[in-house]
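First comes the structure, then the notes that go with it.
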Amino acid sequence: MNPQPKLSLLFSRQEIEAAINRLAAELNRDYPGKYPILIGVLKGSFMFMADLIKLLEFPLEVEFVRLSSYGGGKKSSRKIKVVQGLHAPIKGRDVLVIEDIIDTGLTVNFLLDYLRRKKPASLKLCALTDKPSRREVPVTIDYLGLTVPNEFVVGYGLDWDEKFRNLPEIYVLESED
Ligand code: XMP
Ligand code: MG
């Protein structure tokens with residue numbers, strides 16, 4: 001059995017809640033009169049999506065996609081695949097992608113290209129966290145919650161080996177030694 005890794009608190013429930021309140025206020029300012037489709041990227045965004053949409057005051061639809069990445073010795077040659085695609089048509093719709101974390105940017109860059117080909121009326125990105133120190137491709141985050149340091153973070157939907165998604169706070173996973 002792996003020893004239990006050490007976690008150190010990065011963002012408290014209150015800090016996460018404040019960030020989500022701010023994001024909701026920005027969206028409530030920008031989306032009235034529209035009827036967007038919010039597309040959550042599984043699995044990491046499920047908790048963020050659930051808390052965020054409760055605060056949104058305009059009509060919206062919810063969809064999810066699931067991506068996987070594999071292979072590639074170098075990170076930037078990593079192959080990304082759509083494992084669970086979109087069922088709803090998004091042509092001519094206002095689309096808002098909901099992500100848990102933007103790291104190298106490769107995943108969301110791939111997803112935005114995939115969605116753009118379906119000709120939405122608008123395509124925006126809302127991310128709970130950003131790790132800008134690791135970026136390999138440029139990404140415009142239209143709505144950003146919290147910036148994280150160059151560390152692996154878990155909790156609030158984010159996992160390490162599928163564990164810790166249920167934690168209500170965000171933690172840095174400390175390397176074992
Ligand atoms: P890229 O590098 O494509 O990666 O922007 C985005 C995806 O990688 C995962 N990821 C993390 N997951 N803690 C996590 O639990 C992290 O610190 C972390 N950094 C990247 C995540 O699935 C994200 O969607
Ligand atoms: Mg993710």
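Both backbone and side-chain heavy atoms feed into the values below; hydrogens, waters and symmetry mates do not. All ligand and atom numbering here is 1-based and tracks the order in the structure.
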Partners of Asp113 by side-chain contact (heavy atoms from CB on, under 4.5 Å), sequence neighbours excluded? Arg116, Arg117
Tyr35: partners by side-chain contact (heavy atoms from CB on, under 4.5 Å), with sequence neighbours left out: Pro59, Glu61, Arg93
Side chain to side chain contact (heavy atoms under 4.5 Å, CB included) with Pro120: of Asp94, Ile37, Val95, only one passes, and it is Val95
Give a yes/no verdict on a cation-pi contact between Lys34 and Tyr31, requiring under 6.0 Å between NZ or CZ and the six-membered ring centre and an angle within 45° of the axis. yes
Check for a donor-acceptor pair, side chain of [X] on one end and backbone N or O of [Y] on the other, with a separation under 3.5 Å.
X      : Y      : result
Thr129 : Asp100 : yes
Asn28  : Ala24  : yes
Asp130 : Thr147 : no

With respect to Thr104, determine whether any N or O atom, backbone or side chain, lies less than 3.5 Å from an N or O atom of ligand 1. yes
Say whether Phe152, considering both its backbone and side-chain N or O atoms, lies within less than 3.5 Å of an N or O atom on ligand 1. no
Within the 4.0 Å heavy-atom shell around [X], which atoms of ligand 1 are there?
X      : answer
Leu106 : 3 (O), 5 (O)
Asp100 : 23 (C), 24 (O)
Glu99  : 24 (O)
Thr107 : 1 (P), 3 (O), 4 (O), 6 (C)
Leu158 : 12 (N), 14 (C), 15 (O)

Counting heavy atoms only, name the option from Ile101, Asp159, Ile102 that's nearest to atom 23 (C) of ligand 1. Ile101
So for [X], does at least one of its heavy atoms come nearer than 4.0 angstrom to any atom of ligand 1?
X      : result
Glu151 : yes
Lys131 : yes
Val153 : yes
Glu136 : no
Gly105 : yes

Minimum heavy-atom separation for Pro5 to Trp160, with atom names? CG-CZ3, 3.6 Å
Using a 6.0 Å cut-off, check whether atom CZ of Arg22 has over 12 heavy atoms from anything other than its own residue. yes
